[in-house]
Amino acid sequence: MRTRGVVRAEGGAFPRHPAPGAAAGGGRRPAQARRKAPPASGGGGERPPAAAAAAQRGVMELEAARHAVLAAVRGTCAADLPRLLHWMRNTNDFDELMVSNNDVVLKNIAEDLRNRLPIEAMFNSEHQAIQKIHQHPLPMIHVDAFLYDDDFVDSLCEEGKMSRSYCTECGSYKTASLEFISHSFSLMELKFLYQHVLPDLTGKGYLYSSASQLYGVEMNADFCQLQEMMITKYQFIDRIKVVHADICTQASLLQKADVVVMNNVFEYFLDRQEQARAWEFIACNVRKRGSLLVTVPSLKESLSKLQTDIQLSQWVEEMELNYDVYMEKDVDREALEQIHLYKIL
């Protein structure tokens, strides 16, 4: 669900919620091992050993696959070619190739969590977060991105259970868009993070790694209980640990972390003085040289309104990310660009 806290894995780290990274057998798909193969052509010739091995496994890299597809299209009789091209442009048959068992498990967890949470995915015990939302100058609602993707939100709007807009003058047609916020990574963001942002560490979240231990830190007792239920139900208890605590009491956990993932961790849960204290604590304890820190939004943005003594240039180096590598449909580029990766100096 949400990724408000910090999680540490041996060899890697994992966002603190139990669902979007913690799911047995599911989650982000590990990249398939691929070997170079020559372009598929009608001719003979000997294949290099790597290409021969790839062919035996039925695996092709992009160029070989592209040539194979073009060869199939060119081999189609002229009368059927228009229909074939129309099918290729409009079919949904390829969608299943982009979905893994990990995705299915995460969606099952999301469904379980939806059945256990109010539609706003917040407990009454989250006083500070609720107050912050109510104090926002324009109407705002919390829509958990892990639990509700855009299609699901659309269906809720059609059923009258949610709205994307509000009336600025009651009874009129003058409406404005509601602002949505989420304390969670969406499935898209999780897959981008663990498939394309983090390196090939031994430990990237339960579904994508063989990390021996994954730790999540959660301040809210109600969410700790909910997470423990999911961890037990989906049999993650062997490697996932949820710590009910303030992150500022977990110096040892932070000092040992190889990767720390923080998603909107403080803004809606702490006042500015407490936020500054928490960031100072993290900057003091996340110091393992070469370890990685993932934040949403950027450190610069998070710290811009706070009074701290943190010198980013002496603490971290931001790593450039390629946001174009995520090729699945319905990509929210703006959301991906909120993900930032840093290496600890």
Side-chain angles (χ1 to χ4, degrees), residues 2-17 20-22 183-185 189-190 192-194 196-206 208-209 211-219 239-321 338-345:
R2 308 167 314 164
T3 47
R4 185 170 77 226
V6 180
V7 180
R8 196 267 296 185
E10 305 228 346
F14 169 73
R16 61 116 228 182
H17 47 211
H183 302 316
S184 296
F185 282 124
E189 292 166 316
L190 286 168
F192 174 71
L193 174 62
Y194 288 103
H196 304 295
V197 174
L198 294 176
D200 188 17
L201 301 172
T202 304
K204 296 181 180 177
Y206 199 101
Y208 298 92
S209 79
S212 60
Q213 286 293 314
L214 304 162
Y215 293 90
V217 180
E218 172 58 66
M219 293 177 63
R239 290 195 287 149
I240 294 180
K241 307 295 181 187
V242 175
V243 180
H244 179 207
D246 183 333
I247 191 61
C248 292
T249 67
Q250 301 299 309
S252 177
L253 199 62
L254 291 172
Q255 290 164 10
K256 295 176 182 177
D258 298 300
V259 179
V260 176
V261 180
M262 306 175 69
N263 179 27
N264 291 329
V265 285
F266 301 133
E267 181 181 358
Y268 285 90
F269 304 97
L270 303 174
D271 61 36
R272 288 191 179 180
Q273 186 175 356
E274 291 172 326
Q275 289 179 53
R277 177 182 67 91
W279 279 115
E280 294 271 12
F281 184 85
I282 288 168
C284 181
N285 287 282
V286 179
R287 286 288 178 177
K288 182 189 287 188
R289 188 181 299 274
S291 60
L292 300 175
L293 173 64
V294 177
T295 70
V296 175
S298 68
L299 287 173
K300 183 178 180 180
E301 181 176 341
S302 294
L303 299 175
S304 62
K305 299 178 182 179
L306 306 177
Q307 293 184 346
T308 71
D309 295 325
I310 298 172
Q311 300 295 319
L312 290 180
S313 61
Q314 299 177 19
W315 178 33
V316 298
E317 175 189 357
E318 183 160 10
M319 312 298 289
E320 185 176 355
L321 298 179
Q338 287 291 305
I339 298 174
H340 295 263
L341 174 67
Y342 304 89
K343 181 171 69 175
I344 305 303
L345 301 175

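The CG atom of D258 sits 11.0 Å away from atom CG of L198, with the distance rounded to the nearest 0.5 Å. Here L254 contributes atom CG and K256 contributes atom NZ; the two are 11.5 Å apart, rounded to the nearest 0.5 Å. For the atom pair CG (L303) and CZ (F266), the distance works out to 10.0 Å, reported to the nearest 0.5 Å. Atom NZ of K288 is separated from atom CD of Q255 by 10.5 Å, given to the nearest 0.5 angstrom. Atom CG of N264 and atom CD of Q338 lie 8.0 Å apart (nearest 0.5 Å). Of the inter-residue distances, the one linking D246 atom CG with M219 atom CE reads 4.5 Å to the nearest 0.5 angstrom.
With hydrogens and angles disregarded, a donor-acceptor distance shorter than 3.5 Å links the side chain of E274 to the backbone of D271. Looking at W279, its side chain never comes within 3.5 Å of a backbone N or O of L299 through a donor-acceptor pair. Side chain of E317 to backbone of K343: no donor-acceptor contact under 3.5 angstrom is found. Using modelled atom types, one side-chain atom of E280 and one backbone atom of D309 make a donor-acceptor pair closer than 3.5 Å.
The two atoms that bring F185 and V261 nearest to each other are CE1-CG1, 3.7 Å, heavy atoms only. Counting all heavy atoms, side chain and backbone alike, A276 lies closest to T308 at CB-CG2, 3.9 Å. Contact between A283 and W315 at its shortest, heavy atoms only, is CA-CZ2, 3.5 Å. L306 and S302 get closest at one heavy-atom pair: CD1-O, 3.5 Å. The two residues I339 and V294 have their closest heavy-atom pair at CG2-CG1, 4.0 Å.
Side-chain atoms of R277 and L270, non-hydrogen and from C-beta on, never get closer than 4.5 Å to each other.
Ring pair H340/Y342 is parallel by interplanar angle, where below 30° counts as parallel and above 60° as perpendicular.
Partner of V259 under the side chain to side chain contact (heavy atoms under 4.5 Å, CB included) criterion, chosen from L341, L292, L293: L292.
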Notebook entry, point to check: What do the steps show when you test E189 against N263 for side chain to side chain contact (heavy atoms under 4.5 Å, CB included), and what is the final call?
Noted result: CA-CA 11 Å; E189 292 166 316; N263 179 27; 5.7 Å; no
